[in-house]
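Read the structure below first, then the notes.
Proteins come first, then strands; the chains are lettered A, B, ... in the order of their sequence lines, and each starts at number 1.
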Amino acid sequence: MAKIEDLKEEAKKLLREGKVKYIIGYGVGSNGWMANPVFVKKPEDVDALVWDPTCVHNLTRFLVDEKRRKGKEKQPDTRPVGIIVKGCDSRAIVVLLQEKFIDRKDVYILGVSCEKAGVVDEKKLAKKLAGKKPSQIELGDKDQFIISTAEGKTEVPVAEILAERCLECKANFPVIFDLMSGDKTKRTPEKPFGSIEQTEALSPEERWNFWKTELDKCIRCYACRSVCPMCYCDECVVDSINMAVAADTTAEEKSEKIKWIQRSPESSENFVYHMVRAIHLGGRCIDCGECERACPLDIPLRFLNKKLEKEAKELFGYEVGFDVSQPALISCFKDSDPEDFIR
Amino acid sequence: MEKILLKKALPQWVKALASYTVYSPKKDKEESWNYAEIDHEDFDPNFLNTTLPPKKILFPQKEIFLEFSKTAEGSQETLEVKEVLPEKKAAVIFGVRPCDARAAWLLDKVFSGEFTDPYYWIRRNQTTLVGLACDAPPSENCFCLSVEGSPFSEEGLDVLLTDLGDRYLVKSLTEKGEKLIQAAKHHFHDPKPEDRKKVKAIQAESVKKIKRQLKDARAVSSKLKGSFESPLWDEESMSCIRCGICTYLCPSCHCFDINDEVESASPLKGNRVRTWDTCQFPDFTMHSSGHNPRPEKASRLRQRLFHKFQYFVETYGQFQCVGCGRCISLCPVGIDIIKVLDKVNKHGS
């Protein structure tokens with residue numbers, strides 16, 4: 001079973017010996033039970049680290065910040081950063097390596113296996129507890145979560161409150177790591193694309209109405225983009241200033257820059273935003289589910305990404321985030337690709 | 001003026017307001033609460049904090065200021081510019097939490113003074129806010145008491161309802177509120193002394209139920225000044241992902257952007273539009289020279305807190321935070337305004 005003690009010991013050693021700059025991990029949030037990202041810089045602070053089923057965040061997103069920060073420093077500290085990753089998160093590292101956004105020597109990967117479980121879905125949990133407030137959640141040894149509340153302990157079967165993505169996870173242990181805690185428990189999901197069956201079954205008209213209702217809710221806070229480790233572009237088409245402006249950029253250049261999307265949260269603009277993002281994640285999304293979790297308006301963004309993941313698998317036999325040496329889906333072709341016009 | 005309205009008569013009251021567009025919090029299929037137009041029977045007083053505050057009705061995310069179009073007749077080109085004002089339609093929002101109403105009261109200050117914002121005021125003047133006192137905090141992160149509010153504060157409201165079990169004590173606070181009651185006056189009757197006693201008891205209880213507290217907010221306010229260059233901002237913003245949740249969902253955040261949105265380039269046609277903007281986006285402060293005075297997320301987190309707890313206090317004497325807790329509950333990485341300000345408090349001493 002994955003143990004935080006193993007990771008803490010290694011983290012302490014790494015920090016003491018100065019082998020890493022800092023460690024990106026999980027600590028307890030201010031409500032006392034939900035994990036949140038923490039950045040541990042000193043060996044004596046390592047005890048702040050936790051590992052439990054509330055460690056939902058994909059921390060690899062902070063590698064993007066780290067790279068940006070380093071890029072601005074005159075004499076950057078070139079030591080790696082330590083990072084705690086789950087199976088899904090580790091596959092994000094694989095993609096970042098594959099795209100040469102980061103270098104393997106930039107990260108020291110502390111992997112944890114989710115084994116038979118995964119992380120909880122906060123909404124499902126809240127529904128299950130019907131008003132009771134959790135104080136701690138642990139994984140039991142009989143496929144159950146043990147939830148402590150002020151009224152005592154409750155046991156809930158893992159499958160009932162697991163995050164949707166975890167129910168469809170095919171690699172619940174890190175695929176790349178320097179140290180791993182826990183067992184490589186294989187788990188084969190019955191329906192790896194089960195969540196999108198419902199939307200796939202809709203007629204084009206129904207599907208349009210479904211997405212129109214969902215995307216009309218969007219307030220364009222861009223939390224889905226901001227939380228995503230794959231959305232690392234310096235220039236994004238949706239920003240009001242979507243070009244890298246320098247001191248010598250002329251007014252003409254600025255005025256001639258095409259505005260792809262208006263700021264008004266209209267259906268048309270929201271569709272463009274979400275379509276652009278989904279397409280840019282084709283063959284890159286590792287289904288950490290962070291976009292959907294972060295969305296304050298509960299837009300089911302995973303459906304879009306999952307659909308593209310399925311297309312990549314069925315059309316090109318491509319699975320994201322398992323092999324660093326594999327060329328990226330959208331930058332390569334094979335003779336066996338189904339598009340006849342390529343030949 | 002205080003009146004009693006039986007709960008079962010509330011749908012009749014709403015029905016009598018046929019000339020108004022009626023909004024109230026509604027639970028969606030994801031079990032989140034949000035303001036939506038309702039039928040007379042839909043009001044559920046047990047709502048939790050809505051994801052989006054009623055700000056979305058008074059200060060909508062999109063406001064068209066004017067329409068422009070160019071027409072050509074031979075070589076003669078005419079540019080037509082037409083002012084657009086919000087549609088005149090009386091509205092009532094049932095079930096406004098006192099904190100959200102206080103936020104509207106703060107927005108009132110922002111959108112008046114040297115410049116009166118006609119768009120905001122048309123909406124504000126035609127909308128009646130019917131508050132519901134919180135007998136229990138609608139969010140685990142409620143901290144209104146710490147920022148000089150309360151679960152039954154009246155600022156910004158036209159009517160305040162207090163839930164007394166089978167009845168509401170209805171207190172009208174403005175002329176607008178009075179008019180609303182007059183629309184169905186035969187459903188209202190005078191309160192008995194025990195009703196008033198019950199209100200007092202509920203208020204005393206509700207105060208005790210608020211768990212979260214920001215200690216000594218006025219002191220924090222004065223200590224912020226000395227923390228401008230503190231490394232604290234770097235540390236606290238490490239996990240910030242630079243999204244707009246904390247500000248877009250804030251009932252009192254009001255920054256905006258104005259753009260000409262072109263629908264057609266030839267012939268030219270489009271709108272000048274105001275939309276929400278946020279200090280948390282890097283391009284918010286981007287100069288046309290390419291220089292950005294707030295390039296790091298640390299400076300942006302600092303700006304959000306300074307605006308709420310220092311600049312606004314200097315200008316208007318009030319905190320620009322009403323303690324609704326949305327920015328805490330909905331932050332994807334758990335940045336907690338209370339915790340950060342507590343650190344400022346310690347930092348300064």
Side-chain angles (χ1 to χ4, degrees), chain A residues 22 24 27-31 34-39 41 56-57 59 61-62 64-65 68-69 72 123 126-127 133 217 219-228 236 239-249 251 254 259 262-266 269 290-291 293-300, chain B residues 28-32 34 51-52 56 60-62 64 140-141 212 235 238-249 257-259 261-263 270-271 273-278 280-284 286-292 295-297 326 328-336 338-339:
Chain A
Y22 58 89
I24 313 171
V28 180
S30 59
N31 65 6
M34 181 77 197
N36 271 325
V38 291
F39 300 82
K41 296 188 178 103
V56 293
H57 318 74
L59 303 174
R61 188 245 167 263
F62 297 108
V64 180
D65 284 353
R68 289 224 171 90
R69 212 175 296 126
K72 282 183 192 160
K123 288 221 164 80
K127 212 169 171 181
K133 295 275 167 258
K217 297 193 290 193
I219 55 166
R220 304 253 292 280
C221 65
Y222 299 132
C224 47
R225 174 187 70 166
S226 309
V227 82
C228 178
C236 178
D239 288 331
S240 56
I241 295 173
N242 63 348
M243 63 190 295
V245 185
D248 58 354
T249 311
K254 283 179 220 161
K259 211 169 185 180
Q262 311 278 24
R263 202 151 193 179
S264 287
E266 295 289 313
E269 312 306 295
E290 280 287 85
C291 47
R293 182 188 68 85
C295 178
L297 279 312
D298 306 310
I299 302 172
Chain B
D28 63 23
K29 64 183 196 308
E30 308 290 339
E31 312 228 338
S32 299
N34 266 304
T51 309
L52 277 162
K56 75 164 192 178
Q61 189 169 8
K62 174 187 183 179
I64 299 178
E140 58 176 345
N141 288 311
R212 299 219 56 190
E235 280 161 35
M238 273 296 267
S239 59
C240 173
I241 58 169
R242 64 174 199 184
C243 73
I245 288 181
C246 51
T247 46
Y248 277 7
L249 303 181
D257 189 16
I258 300 171
N259 283 290
E261 300 194 342
V262 177
E263 280 169 22
N271 302 313
V273 182
R274 166 163 80 188
T275 49
W276 292 349
D277 200 351
T278 159
Q280 300 306 299
F281 288 165
D283 59 10
F284 181 75
M286 179 69 101
H287 293 182
S288 60
S289 66
H291 171 66
N292 193 342
E296 307 296 341
K297 51 191 185 176
R326 285 184 183 88
I328 307 173
S329 305
L330 292 153
C331 175
V333 291
I335 293 178
D336 184 327
I338 298 178
K339 254 175 94 178

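Of the two parts of B:Phe281, only the side chain, counted from C-beta on, holds a non-hydrogen atom closer than 4.5 Å to a non-hydrogen atom of chain A. Neither the backbone nor the side chain of B:Ile64 comes within less than 4.5 Å of any heavy atom of chain A. Residue contact with chain A, scored on non-hydrogen atoms closer than 4.5 Å, involves the backbone of B:Cys240 exclusively. Proximity to chain B is limited to the side chain of A:Asp65, based on heavy atoms less than 4.5 angstrom apart. In this structure, chain B has a heavy atom under 4.5 Å from the side chain of A:Arg69, while its backbone stays farther away. Neither the backbone nor the side chain of B:Gln280 comes within contact range of chain A, judged by heavy atoms closer than 4.5 Å. Using a 4.5 Å cut-off between heavy atoms, A:Phe62 contacts chain B through its side chain alone, with no backbone atom that close. Contacts between A:Glu290 and chain B at a heavy-atom distance below 4.5 Å are absent for every atom of the residue. Of the two parts of B:Arg212, only the side chain, counted from C-beta on, holds a non-hydrogen atom closer than 4.5 Å to a non-hydrogen atom of chain A. The part of B:Asn34 that comes within reach of chain A is its side chain, from C-beta onward, which places non-hydrogen atoms under 4.5 angstrom from that chain.
Within the 4.5 Å cutoff, the side chain of A:Arg263 has heavy atoms near those of the B:Asp277 side chain. Considering only heavy atoms from C-beta on, A:His57 stays 4.5 Å or farther from B:Ser239 through its side chain.
Using modelled atom types, one side-chain atom of B:Gln61 and one backbone atom of A:Ile219 make a donor-acceptor pair closer than 3.5 Å. The backbone N or O of A:Ser264 sits less than 3.5 Å from a side-chain atom of B:Glu261, completing a donor-acceptor pair. Of the possible donor and acceptor atoms, one in the side chain of A:Arg293 sits under 3.5 Å from a partner among the backbone N and O of B:Pro332.
A:Cys221 SG to B:Leu249 CG: the interatomic distance, rounded to the nearest 0.5 Å, is 7.0 Å. Interatomic distance, CZ of A:Arg220 versus OH of B:Tyr248, reported as 8.0 Å (0.5 Å rounding). Atom NZ of A:Lys217 sits about 5.5 Å away from atom CD of B:Glu30, to the nearest 0.5 Å.
Between chain A and the options B:Met238, B:Lys29, B:Lys62, heavy-atom pairs under 4.5 Å are most frequent for B:Met238. With chain B as partner, the option from A:Arg61, A:Lys41, A:Arg225, A:Lys123 having the largest number of non-hydrogen pairs under 4.5 angstrom is A:Arg61. Chain A forms the most heavy-atom pairs under 4.5 Å with one residue out of B:Thr51, B:Ile335, B:Val333, and that residue is B:Val333. Between chain A and the residues B:Ile328, B:Leu330, B:Thr275, B:Thr247, the most heavy-atom pairs under 4.5 angstrom are made by B:Thr275. Of all the listed residues (B:Asn271, B:Val262, B:Asn141), the one sharing the greatest number of non-hydrogen pairs under 4.5 Å with chain A is B:Val262.
Between B:Ile241 and A:Ala223, the closest heavy-atom pair is CD1-O, 4.1 Å. Between B:Pro295 and A:Lys72, the shortest heavy-atom distance links the atoms O-NZ, 4.3 Å.
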